[in-house]
Amino acid sequence: MTRAAASLVLVLVALSSTFTKYVPKSGQRIPQSLSRGWGDQLNWAQTYEEALNKPLMVLFHLEDCSQSLKRALAHDDEIQRILDEDFVVLNVIQETVDQNMSPDGKYVPRIVFVDPSMTVRDDIIGRYSNRLYGYEAADMNVLLDNMKKAKKVLKFSPLSHRTTPTSTHSLPESTAAEV
């Protein structure tokens with residue numbers, strides 16, 4: 001009987017570790033107000049300049065929109081892990097005056113990938129022809145593929161921390177902080 005109880009405990013421990021939420025390498029982080037529910041364990045950027053050595057993912061949304069997208073993104077462990085380890089994430093709840101950040105229109109939600117030369121990657125887009133940077137809750141696989149693509153195409157020079165972008169949507173340095 002004792003052996004059966006010990007075996008049951010071991011099985012329960014193994015199962016619980018299989019279904020646990022992603023925890024960053026540095027351990028569980030204190031929830032940050034910058035996440036606004038999109039992934040509290042991530043380090044969210046406040047400015048573009050914070051993203052000089054990693055790809056930047058900019059999430060444009062309204063405070064009360066996209067609850068299903070927010071839940072899908074926040075609860076996808078693989079997306080959260082990749083964002084934590086390989087990206088800087090900027091959460092923008094107001095529309096930007098910078099036209100380079102909305103190359104195909106000012107709609108929300110929209111997710112753009114920006115390289116360290118402050119260039120919006122027009123080769124990393126979602127699946128909708130009428131809103132190229134739009135994603136929905138059912139598009140987490142598309143977003144994940146685009147994140148992996150961003151990691152590949154954004155090769156960093158160890159000396160300059162810059163890339164050689166192919167996109168034509170460059171952000172002027174003077175307006176980057178205005179977003």
Side-chain angles (χ1 to χ4, degrees), residues 21-22 32-48 50-52 54-156 163-172 175-179:
K21 186 117 178 82
Y22 169 72
Q32 302 174 13
S33 61
L34 292 175
S35 79
R36 297 179 182 96
W38 291 85
D40 291 335
Q41 75 279 5
L42 300 175
N43 282 323
W44 290 83
Q46 294 183 40
T47 65
Y48 292 135
E50 291 181 49
L52 293 179
K54 288 184 177 182
L56 172 66
M57 187 179 98
V58 184
L59 170 65
F60 291 92
H61 66 97
L62 298 176
E63 193 66 43
D64 58 348
C65 81
S66 309
Q67 295 303 314
S68 61
L69 176 61
K70 181 187 291 190
R71 278 190 301 276
L73 193 143
H75 291 99
D76 188 305
D77 287 345
E78 187 173 7
I79 286 177
Q80 293 293 306
R81 181 186 57 76
I82 292 172
L83 286 175
D84 182 52
E85 294 174 1
D86 301 318
F87 285 85
V88 174
V89 188
L90 181 62
N91 191 328
V92 181
I93 59 170
Q94 64 208 23
E95 193 49 67
T96 176
V97 295
D98 186 349
Q99 294 298 316
N100 293 307
M101 291 302 289
S102 50
D104 69 329
K106 294 185 176 189
Y107 54 87
V108 291
R110 105 180 152 266
I111 298 173
V112 298
F113 292 91
V114 181
D115 67 28
S117 68
M118 305 303 249
T119 302
V120 173
R121 298 299 303 212
D122 61 6
D123 57 338
I124 305 174
I125 58 174
R127 65 198 224 179
Y128 304 102
S129 61
N130 62 336
R131 44 193 179 90
L132 297 176
Y133 301 95
Y135 294 86
E136 295 179 4
D139 299 331
M140 290 302 96
N141 59 336
V142 175
L143 179 59
L144 183 60
D145 289 345
N146 283 341
M147 290 167 57
K148 291 175 181 178
K149 182 177 180 181
K151 281 176 46 177
K152 281 183 190 172
V153 299
L154 299 176
K155 303 281 188 223
F156 297 95
T163 66
T164 52
T166 58
S167 174
T168 58
H169 302 293
S170 296
L171 299 175
T175 62
E178 295 175 11
V179 174

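Because the structure is a prediction, the values reported are computed rather than measured.
- Distance check: Asp122 CG to Asn100 CG gives 11.0 Å after rounding to the nearest 0.5 Å.
- Closest heavy-atom contact between Val153 and Arg121: CG2-NH2, 3.8 Å.
- What you find for Pro55 and Ala150 is that their closest heavy atoms are CG-O, 4.5 Å.
- Checked against Val58 for a side-chain contact (heavy atoms from CB on, under 4.5 Å), the options Val89, Val92, Asn91, Val88 give a single hit: Val92.
- Side-chain atoms of Asp76 come within 3.5 Å of backbone atoms of Ile79 as a donor-acceptor pair (strictly under, hydrogens ignored).
- Applying the salt bridge (charged side-chain N to carboxylate O under 4.0 Å, His left out) test to Lys148 and every residue at least two apart in sequence or in another chain returns Glu78.
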| Intermediate values then yes/no, side chain to side chain contact (heavy atoms under 4.5 Å, CB included), Leu73 and Met140 | CA-CA 7 Å; Leu73 193 143; Met140 290 302 96; 4.2 Å; yes
| field | side chain to side chain contact (heavy atoms under 4.5 Å, CB included) between Leu90 and Met57, worked out | value | CA-CA 6 Å; Leu90 181 62; Met57 187 179 98; over 6 Å; no
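- Judged as a side chain to side chain donor-acceptor pair (under 3.5 Å), and not counting sequence neighbours, the contacts of Asp104 are Tyr107.
- Evaluated for a side-chain contact (heavy atoms from CB on, under 4.5 Å) with Ile125, the options Val142, Leu132, Ile111, Asn146 yield exactly one hit, Leu132.
- The distance from atom CG of Leu59 to atom CG of Leu83, rounded to the nearest 0.5 Å, is 9.5 Å.
- Taking each heavy atom of Met147 and Phe87 in turn, the nearest pair found is O-CZ, 3.3 Å.
- The two residues Tyr133 and Pro103 come nearest to each other via the heavy atoms CE1-CG, 3.5 Å.
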| query | Do Lys152 and Lys149 pass the side chain to side chain contact (heavy atoms under 4.5 Å, CB included) test, and can you show the C-alpha distance, the side-chain angles, and the key distance before you say yes or no? | reply | CA-CA 5 Å; Lys152 281 183 190 172; Lys149 182 177 180 181; 5.7 Å; no
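- Rounding to the nearest 0.5 Å places CZ of Phe113 at 5.0 Å from CG of Leu143.
- For Asp86, the salt bridge (charged side-chain N to carboxylate O under 4.0 Å, His left out) partners at least two apart in sequence or on another chain are Lys151.
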| task | Could you check Lys106 against Phe60 for side chain to side chain contact (heavy atoms under 4.5 Å, CB included), going step by step and ending with a plain yes or no? | result | CA-CA 9 Å; Lys106 294 185 176 189; Phe60 291 92; over 6 Å; no
